[in-house]
Amino acid sequence: MSREKIVVLDFGSQYAHLIAKRFRALGYYSEIALPSAPLETFENAKGVIMSGGPSSVYEDNVPEFNSEILKLDLPILGLCYGHQLMAKSYGGNVGKAAVGEFGIAHLEKNEAGKKSPLLEGISDTTQVWMSHQDGVLSLGDGFEVIGTTKDCPFAAVQNLPKKRFSLQCHCEVKDTPEGNRIFENFAKICKMEKNWDEDTVLQVIIENIKKDARDKNVLLFLSGGVDSTVAFALLNKALGQERVLGLHIDNGFMRKNESKNVESAYKAHGFNNFIVEDASESFLNAIAGLTDPQKKRMAVGENFITVRDAVVKAQKLDETKWMLAQGTLYPDIIESGGTKNSKTIKTHHNRVDGIQKLIAAGMIIEPLKDLYKDEVRSIGKKLGLEDELVMRHPFPGPGLSINVLCSDGKFSEKDEEEFKKAQEELDKVEINAFCEKCSASMKRSVLPVRSVGVQGDFRTYRFPAVLTFKEEGNGFFHIPGKREKVEAASSAITNKASFLNRTVIKLYQNPAVKDSDLRLQEGYCTRDRLDQLREVDNIVLTELHERNLYNEIFQHLTIDLPYASEKNRASFVLRPVCSEDVMTARFAWFSDEVFKSIVEKIAALPFVDALYFDATNKPPATFGWE
């Protein structure tokens, strides 16, 4: 049956599907289409949205766009890249913005904005989420400004007679709090009726599983995380336990006692169609000596296939009768460059070559591939899964292997040159966010390790800035009291420095270790380093559980850095984040009491040289460091 819809044109933004997801969550059916789609695609469409994307509209290698779409008698809303393309298509000018914006900004409505149907009911000053380096420099024909930000004079524009609207910000992310109201207003402009709900989503997924599985059985990788657990429950519901086998692989990268806890939780729920395989040595050998994050991820992903094949053989399963299933989410696909116009942020283990070949052969089922984390949790609860399974912090297949940064201990000429530029940039950034006492004691430095980030839909691989405040004795440093001030300083650094994509705060340094003693060490992902990481990580997670803070945080990652006084020692980074859909996030913040308790316990471990806190949002940083 044909259904009225809002069509989202995917120009490659990480957030394109998030736009469609938002509309569906609001009750309006929405579909994704390529910007080159023929006009037949828009049959039954009530409106069109042009997404953001990593390209610049003034360059040659832009996504193919069917300009006839702009001639449709439908309301059209442009966001980010779509905003810039709208301006260019109607005769405006687009180029590098005087100041790029990444993260939180504030949109101010002008008099025209206060009368605009798009901004009806929106606060005169409203928080929005920005991620752009280009900007509209002059308006298209017939357009007027309806809102500005401090650094963006054409942040919101409209052409009412043509029903054309565009915004530089991303309304689809949680950090634009009134984004849903803007989308509701657009649906109203489109005269779109509500026609989508959660029951429909679940029904569609179940029907798709049955259709994709045909007469075959299904083997599913079970990490124990939310995604694979919900996928497992969906497969069982659609096909029955006798046709589904869960495979939990202990790859050696699990948290402390993780595999035992996962097995107990599954049995308690009533799942009895799963097996546990210890393949830790196989995975450790697969990544031995690797330092490049992408190569590590790919090696882990390919080894999952190797282990899967071995298990199929050991269990004497007829491969002609078995398909493979994964708990892949849409963010995994988009960050791996899995749509036509998107750029690779990081290659997820479920998108390596071996998996792609199975997908091409029609041998993979991914029930959750069009969903986001919050939707998956909602589906899990609807299926009757306990909070212990549904509300666990995300824990991807590669586990702790991607939290152990690796290095050969050498710094190339390029590293040295960019490290020096990063320090020079950091020294020039104006930071006025802290109290006089904090500002007087604050020191700035750069960590000599690179981490993965995402800025303007592109993957970055840059250095973290370090802010260090007054030492309070025994190696413990003062922690600024207000999260907002830390966030402002962090954003100032990453917005204005091209060689930095994170800001961390030093919490502790072993008093027996001088700054000059800390240096980049040769270090790989070995069982010894993983065991050290497990201990530090377990301290934080135990503290969060004991203080009833675990469910207030979307995910906590502990990062092991090969930056220490000796090879057998390490520095660690605490990385708690709050997010709804993984595509954007804000760093979480602890009270002084919680900070003190965690830091004291970690400092007592004999191998810890330094401890940092990652105070960076996404963007410009990703959740993890690899």
Side-chain angles (χ1 to χ4, degrees), residues 198 201-202 205 220-238 241 244-251 253-278 325-329 331-332 367-368 371-400 403 533-558 574-582 585 588 590 594 598 623-624:
E198 194 175 79
V201 174
L202 182 55
I205 291 174
L220 170 72
F221 287 143
L222 277 173
S223 70
V226 179
D227 309 334
S228 62
T229 299
V230 173
F232 191 42
L234 284 165
L235 289 165
N236 282 326
K237 182 176 178 63
Q241 289 201 20
V244 180
L245 178 62
L247 171 60
H248 174 70
I249 298 173
D250 182 353
N251 52 19
F253 308 142
M254 308 301 287
R255 289 185 169 123
K256 191 172 183 178
N257 300 322
E258 187 84 3
S259 288
K260 290 181 180 178
N261 293 338
V262 166
E263 185 174 0
S264 297
Y266 282 165
K267 286 181 178 177
H269 180 76
F271 290 131
N272 52 37
N273 55 331
F274 72 95
I275 57 177
V276 178
E277 181 79 11
D278 184 351
Q326 300 188 127
T328 311
L329 302 192
D332 301 343
L368 309 174
L371 302 184
Y372 291 77
K373 187 73 70 176
D374 55 324
E375 292 179 303
V376 172
R377 286 195 164 121
S378 181
I379 292 289
K381 289 182 177 181
K382 199 167 188 65
L383 291 168
L385 293 174
E386 296 83 1
D387 279 359
E388 182 185 356
L389 293 170
V390 174
M391 300 309 296
R392 293 181 71 228
H393 287 185
F395 193 64
L400 298 181
N403 292 357
L533 178 57
R534 274 186 266 270
E535 291 302 319
V536 177
D537 186 63
N538 189 58
I539 286 173
V540 182
L541 294 180
T542 300
E543 190 82 18
L544 295 181
H545 278 296
E546 290 179 350
R547 294 179 180 270
N548 295 317
L549 295 172
Y550 183 84
N551 287 340
E552 293 184 16
I553 294 170
F554 180 85
Q555 184 180 23
H556 180 271
L557 302 96
T558 306
L574 307 184
R575 175 63 167 157
V577 291
C578 295
S579 180
E580 182 181 279
D581 44 49
V582 186
F590 300 139
V594 174
I598 290 174
F623 278 46

Separation of Lys382 NZ from Leu234 CG (nearest 0.5 Å): 12.0 Å
Give a yes or no on whether the backbone of Asp374 and the side-chain of Ser378 come within a donor-acceptor separation of less than 3.5 Å. no
Ignoring hydrogens, what is the shortest heavy-atom contact between Val594 and Arg547? Give both atom names and the distance. CG2-CD, 3.5 Å
Minimum side-chain heavy-atom gap His248-Ser259 below 4.5 Å: yes
Among Val262, Asn551, Asp387, exactly one meets side chain to side chain contact (heavy atoms under 4.5 Å, CB included) together with Arg392. Which residue is that? Val262
Contact between Val276 and Asp278 at the side-chain level, heavy atoms closer than 4.5 Å - yes or no? no
May I ask you to test the Ser579-Phe623 pair for a side-chain heavy-atom distance under 4.5 Å? yes
Do side-chain atoms of Arg534 reach the backbone of Asn257 as a donor and acceptor pair under 3.5 angstrom? no
Distance-minimising heavy-atom pair for Ser228 and Ser223: OG-N, 3.1 Å
Within the 4.5 Å heavy-atom criterion, are Leu247 and Ile275 side-chain neighbours or not? yes
With a 4.5 Å heavy-atom cut-off, do Lys237 and Leu383 have their side chains touching? yes
Rounded to the nearest 0.5 angstrom, the CG-CD distance for Leu368 and Gln326 is 11.0 Å
Parallel, tilted or perpendicular, judged at 30° and 60°: which one describes the rings of Tyr266 and Phe271? perpendicular
Approximate separation, where rounding is to 0.5 Å, of Asp537 CG and His556 NE2: 7.0 Å
Nearest heavy atoms of Ala231 and Gly327, plus distance in Å: CB-CA, 4.1 Å
Nearest-0.5 Å distance that lies between atom CG in Leu245 and atom CG in Leu235: 11.5 Å
Within this structure, what is the CD1-CG distance for the pair Ile553 and Leu544, rounded to the nearest 0.5 Å? 4.5 Å
Identify the heavy atoms of Val577 and Ala585 that sit nearest to each other, and give their distance. CB-CB, 4.3 Å
For the residue pair His269 and Glu386, confirm or rule out a side-chain donor-acceptor distance under 3.5 Å. yes
Do Phe274 and Val244 make a side-chain contact, defined as non-hydrogen atoms from C-beta onward lying under 4.5 Å apart? no
Any chance you could measure Asp227, atom CG, to Phe395, atom CZ, to the nearest 0.5 Å? 13.0 Å
Do Thr558 and Asn403 have side-chain heavy atoms sitting under 4.5 Å apart? no
When every non-hydrogen atom of Leu222 is compared with those of Gly246, the smallest separation belongs to CD1-CA, 3.6 Å
Do Thr229 and Val390 have side chains that approach each other closer than 4.5 Å (heavy atoms only, starting at C-beta)? no
Verdict with reasoning, Leu541 to Arg255, per side chain to side chain contact (heavy atoms under 4.5 Å, CB included): CA-CA 10 Å; Leu541 294 180; Arg255 289 185 169 123; 3.5 Å; yes
For the pair His393 (side chain) and Leu557 (backbone), establish whether a donor and an acceptor sit closer than 3.5 Å, ignoring hydrogens and angles. no
